[in-house]
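A short worksheet on the structure shown next.
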Protein chains: 2
Amino acid sequence: MSQFFWPAPFQNVKNINKHAVLDLIRFTPGGVSRAELALRMDLSRAAMTAIVNDLLENNVIRETESRNKQSGRPPIILEINPARGFVIGIDMGATHLTIALTDFSARVVDEIEIPFDITQGPRPCLAQAEALLTELLEKNDMKLSQIMSIGMGVPGPIVSKEGMVVSPPIMPGWDGYPIRKDMESKWNIPVSLNNDAELGALGEWAYGAGRGEEHLAYIKVGSGVGAGLLLNGQIYQGSTGSAGEIGHLTIDENGPLCDCGSTGCLEAVSGGKAIARQAREAVASGHRTLLSSMGPPEELTARDVAAAARRGDLASQQIIAKAGTYLGIAIAGMVNIFNPRVVVVGGGVAQIGDLLLQPIRDTVQRRSLVGAAKTVKINTAVLRRRSSTMGAVVQALSIALHQIAEKKGGDSLP
Amino acid sequence: MSQFFWPAPFQNVKNINKHAVLDLIRFTPGGVSRAELALRMDLSRAAMTAIVNDLLENNVIRETESRNKQSGRPPIILEINPARGFVIGIDMGATHLTIALTDFSARVVDEIEIPFDITQGPRPCLAQAEALLTELLEKNDMKLSQIMSIGMGVPGPIVSKEGMVVSPPIMPGWDGYPIRKDMESKWNIPVSLNNDAELGALGEWAYGAGRGEEHLAYIKVGSGVGAGLLLNGQIYQGSTGSAGEIGHLTIDENGPLCDCGSTGCLEAVSGGKAIARQAREAVASGHRTLLSSMGPPEELTARDVAAAARRGDLASQQIIAKAGTYLGIAIAGMVNIFNPRVVVVGGGVAQIGDLLLQPIRDTVQRRSLVGAAKTVKINTAVLRRRSSTMGAVVQALSIALHQIAEKKGGDSLP
DNA sequence: TGCGTTTGTCAAGTCTTCTAACATTCTTTT
DNA sequence: AAAAGAATGTTAGAAGACTTGACAAACGCA
């Protein structure tokens, strides 16, 4: 059935088909032929030949060996030309900073991660990112001029158009700081700035657990909790960029105090920080638990709790199950409202695996509508800790590839 | 900034610009000139002349008197040609059935509403709708052949593509019934089927309190409670059509039993049925209340409670305030997750006005994130009881107008 | 080797849009 | 009142994108 309803201001983009073809090639694993592209886009094969030749002249895609089919002339498979250039993906978390260098087919060439503190404010943090990027480039014998674009994620609500965060709950000093403009003028490369959970959703959609899904929610459970939404295959930011900010939903009015000043926030009962706090409390309460033997209580982390739980420690298992149940309540609400086909749970704490996931699934089944709950799949992130970083890479590649494809007449760099 | 990211299967539509122009004309109050259309769509004035002439030849739009501006040649204003035809909008609620007849500019020619019971099942209900439609046409001296299309809303999760409801909580017997196919073959007119809350959102977006907003949530508080979402100017249905089904979110685990079998559902504490139940309980408890003097308790309705509350009855005001507070909790969750610019509260119970709206606003302010809560506007539906009906009309017109515009070479019917 | 099948390309024609000039119709200025 | 200024709408020619229909290319299978 054709679509009859167009929303208000129509966005006219030049060469819209060329860019659509480029994205189909990007996101089809194993590549596609001209004939299949023509079929999927409802264009003639002749038109597709013209479009593809244009992309080939720009060296942004390449032909690979023919693939055998049942009968007929074997198709020539098209794929992104990996050697055409490099991009950078940065995941700036609350407590860690990850930078990845990839080629044009999003294959990771190298990656560095360091501990980090986002509360230092924009200037020191961005300087640290610059230093780490320089280190990564030197280590790989590369110059900044070889990088075509940069994608970055930060743990706060973003208005992408502006390239800055707006009233973030956990990024003191960053409100209104022109992050993107700052980076672009310092590095002289186009930069895309997004929320880290949104990028997690994008990363898992492109290369992970939600590949090609139309509607996808990504829940990032790190030291805090956030969600990213991909609706109709596009990042959904809401009207002020704070869509998916579920970390401070009130889950239990009588729950513990949250950093944000409120009580019983999801983040205060299910985040990594909250899990670590409960571990300390368990040790302090004198119950018999493996956690007591895992070093000084004030240094216990969510990772320790996960390890103890896997070794059968009951107290740890209870802490994790409780966190999962609370997450399940929030996710059930999202499933009811927004009815995605897939919910991907990622972030550091999600690496715990089924011990966390099972209580989430149970709670969602119990509290969601039959229809929505029956079809939703709840999975751990396939890209593990790299979801957001890869999402940043996707955004960086979006800039780089389409910028090159826009140019008329073949460019060099073979 | 241009858009770099296209989702998977690109939908190619013929004459995309022509249809976009048509929609811009439709949804611009007071009409637009060729020059302004060219500006808004980033096309040349020459191209716009060609497109507009095409639409004029089909009689789907018309020119009106020039409008004076500061200086220069006055523009020729274009608008939908109201006399080009008629459409029907049907709002099939749980307890009422409304049918509206409008011209092509969505002006209501006539309208009938009758009490109704959707639990009778598809065959009797659809027969009743047919009878009412026939009555409406006869009353206005019209034949079915003069109707170009029909839009209909029903209170259950819809998969528009299929034209049927899937596992609806309150429409027993309708699951999987081919509603649209049935109507189309019976009436021989194209039919669009949607959820009633979605249509409420669409109606308020097109002609009401959310005119032109990019992101809009519509909360329908009738005998039950539902929500419709308009994201990026498009109805969002989710993967199985049950997006926005908030009526059975658990709000208060210790709350009253709901028809659905669960306890403490939003609908069971805030819907019109729930308000009426609380009124009966208030009378039964022997408290002094105006409600005692409003006829037999078992016939009290939400409308009676509203009337009593407006006359200063404390018990009634408390019932309404409580319903508003619970609605506020659910809406706060939606605001946090979706971050819309406008939330429109409609449906029968919403006609109570500020007595209901103020507790909603207070609760949302208290429980939402600073950023999202600061910018969200919460308003009563401007179209009052007609939101969904007008949304159905919008859908019907989408079919009719674009079908006519698609044709090549002028059609008659002046 | 020939046939069926599918892929990719070419040439001619159609359709859409752009540029650049021009006509139109108003207000403002002289 | 006439001229200048300003914005709208139209026309003609050219550029581009896409389609159709034919054809060449490259495989499996008989």
Side-chain angles (χ1 to χ4, degrees), chain A residues 6 10-22 24-25 28 30-58 61-79 405-409, chain B residues 10-22 24-25 28 30-58 61-79 405-410:
Chain A
W6 279 269
F10 180 72
Q11 186 101 354
N12 203 357
V13 185
K14 247 201 307 191
N15 291 335
I16 189 165
N17 279 343
K18 184 158 88 172
H19 293 286
V21 167
L22 184 56
L24 273 180
I25 297 174
T28 306
V32 248
S33 67
R34 292 168 176 81
E36 196 189 330
L37 286 170
L39 206 68
R40 301 236 309 246
M41 293 205 34
D42 200 23
L43 291 180
S44 66
R45 294 204 306 278
M48 195 50 70
T49 295
I51 294 173
V52 164
N53 282 346
D54 202 78
L55 294 171
L56 281 170
E57 267 181 32
N58 278 320
I61 61 172
R62 69 176 185 190
E63 299 182 331
T64 61
E65 84 295 342
S66 309
R67 181 193 298 158
N68 285 9
K69 291 194 85 175
Q70 290 83 338
S71 80
R73 172 178 174 174
I76 304 169
I77 302 301
L78 303 165
E79 60 178 27
E406 194 62 42
K407 277 189 255 175
K408 200 65 206 179
Chain B
F10 179 72
Q11 186 101 353
N12 203 358
V13 183
K14 248 202 305 192
N15 291 335
I16 189 163
N17 279 342
K18 183 158 89 173
H19 293 286
V21 167
L22 184 56
L24 273 179
I25 296 175
T28 306
V32 249
S33 66
R34 292 167 176 81
E36 195 188 331
L37 286 170
L39 205 70
R40 301 232 316 243
M41 292 202 38
D42 201 23
L43 290 181
S44 67
R45 292 203 307 276
M48 196 50 70
T49 294
I51 294 173
V52 164
N53 283 345
D54 203 78
L55 294 173
L56 281 171
E57 266 181 34
N58 277 321
I61 61 172
R62 69 176 185 189
E63 299 183 331
T64 61
E65 86 295 341
S66 308
R67 182 192 299 156
N68 285 9
K69 289 193 88 176
Q70 290 83 340
S71 80
R73 172 177 173 174
I76 303 169
I77 302 302
L78 303 164
E79 60 177 27
E406 194 63 42
K407 278 189 252 173
K408 199 64 206 180

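Naming: A, B, ... by sequence-line order, numbering from 1 per chain. Basis for what follows: all heavy atoms, side chains included, without hydrogens, waters or symmetry-related copies.
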Starting from [atom2] on [N], measure out to [atom1] on [X] and report it in whole angstrom.
{"X": "Leu37(A)", "N": "dT6(C)", "atom1": "CG", "atom2": "P", "result": "18 Å"}
{"X": "Met48(B)", "N": "dT17(C)", "atom1": "CE", "atom2": "C1'", "result": "11 Å"}
{"X": "Leu55(B)", "N": "dT16(C)", "atom1": "CG", "atom2": "P", "result": "12 Å"}
{"X": "Asp54(A)", "N": "dT9(C)", "atom1": "CG", "atom2": "P", "result": "13 Å"}
{"X": "Leu43(A)", "N": "dG16(D)", "atom1": "CG", "atom2": "P", "result": "19 Å"}
{"X": "Ile51(B)", "N": "dC15(C)", "atom1": "CD1", "atom2": "P", "result": "15 Å"}

Any donor-acceptor pair under 3.5 Å from Lys18(B) side chain to Ala405(B) backbone: yes
Donor-acceptor pair, side chain of Thr28(B) and main chain of Gly31(B), under 3.5 angstrom: no
If you define the side chain from C-beta out and look only at heavy atoms, does anything of [X] sit under 4.5 Å from [Y]?
{"X": "Glu63(A)", "Y": "Ile77(A)", "result": "no"}
{"X": "Arg34(A)", "Y": "Asn53(A)", "result": "yes"}
{"X": "Leu78(B)", "Y": "Leu37(B)", "result": "yes"}

Contact pattern, 5' to 3', of nucleotides 8-13 of chain D - B, S or - by protein heavy atom under 4.0 Å: BBBB--
Residue-phosphate contact under 4.0 Å: Ser44(B) side-chain N/O, dC18(C) OP1/OP2: yes
Short side-chain N/O contact from Asn17(A) to OP1 or OP2 of dA17(D), under 4.0 Å: no
Salt-bridge criterion met for Arg45(A) and Glu36(A) (N-O under 4.0 Å): no
